[in-house]
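Some notes on the structure that comes next.
Residue numbers start at 1 and run along the sequence shown.
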Amino acid sequence: MQRFYYDKEQTRTTPYELYARKSERLGYVELEDPESHESMHIKIIDSNTLEVFIDAKEDREKNRLVYKKVAQFESSPHKDRLKSATEDGTFTDLQLSLEAK
């Protein structure tokens with residue numbers, strides 16, 4: 001299982017070991033992670049779409065997750081943010097050198 005945050009893949013030191021079994025939800029498969037004792041109930045809608053519920057007895061649409069396959073991940077919208085207070089003028093190099101003394 002690969003997880004992505006915008007255009008960067010999130011890595012896990014150990015591979016995921018998920019166990020599959022028939023879900024209590026009709027038409028779904030339950031995937032369980034024995035390490036975290038969490039599970040998710042998945043249904044394949046089409047070749048590009050997965051529907052996921054965390055709880056088998058959940059019936060509210062707002063707790064449903066729908067994952068769609070994308071051709072390319074968007075870039076992070078936060079790339080334009082300044083990296084430090086010196087870059088936006090809050091601190092100047094002179095102030096920082098005086099504070100260091």
In this structure, CD of Glu30 is separated from NZ of Lys22 (nearest 0.5 Å) by 12.5 Å
Across all chains, not counting sequence neighbours, the side-chain contact (heavy atoms from CB on, under 4.5 Å) partners of Ile45 are Lys43, Thr49, Glu51
Here the pair of heavy atoms bringing His41 nearest to Ile54 is CD2-O, 3.4 Å
message = Do Ile44 and Val52 sit in one hydrophobic cluster, given that two such residues count as connected whenever their side-chain heavy atoms are within less than 4.5 Å of each other, even indirectly?
response = yes
Assess the residue pair Leu31 and Ile42 against the criterion (side chain to side chain contact (heavy atoms under 4.5 Å, CB included)); give the C-alpha distance rounded to whole Å, side-chain angles, the decisive distance to 0.1 Å, and a yes or no. CA-CA 7 Å; Leu31 294 178; Ile42 296 177; 3.3 Å; yes
The reported gap from CG in Asp46 to NZ in Lys68 (rounded to nearest 0.5 angstrom) is 6.0 Å
Exam field: side chain Arg25 to backbone Glu58, donor-acceptor pair closer than 3.5 Å | yes
Looking only at heavy atoms, the pair that brings Tyr19 and Pro34 closest together is CE1-CG, 3.1 Å
What one should report as the nearest heavy-atom pair of Leu65 and Tyr67 is CD1-OH, 3.6 Å
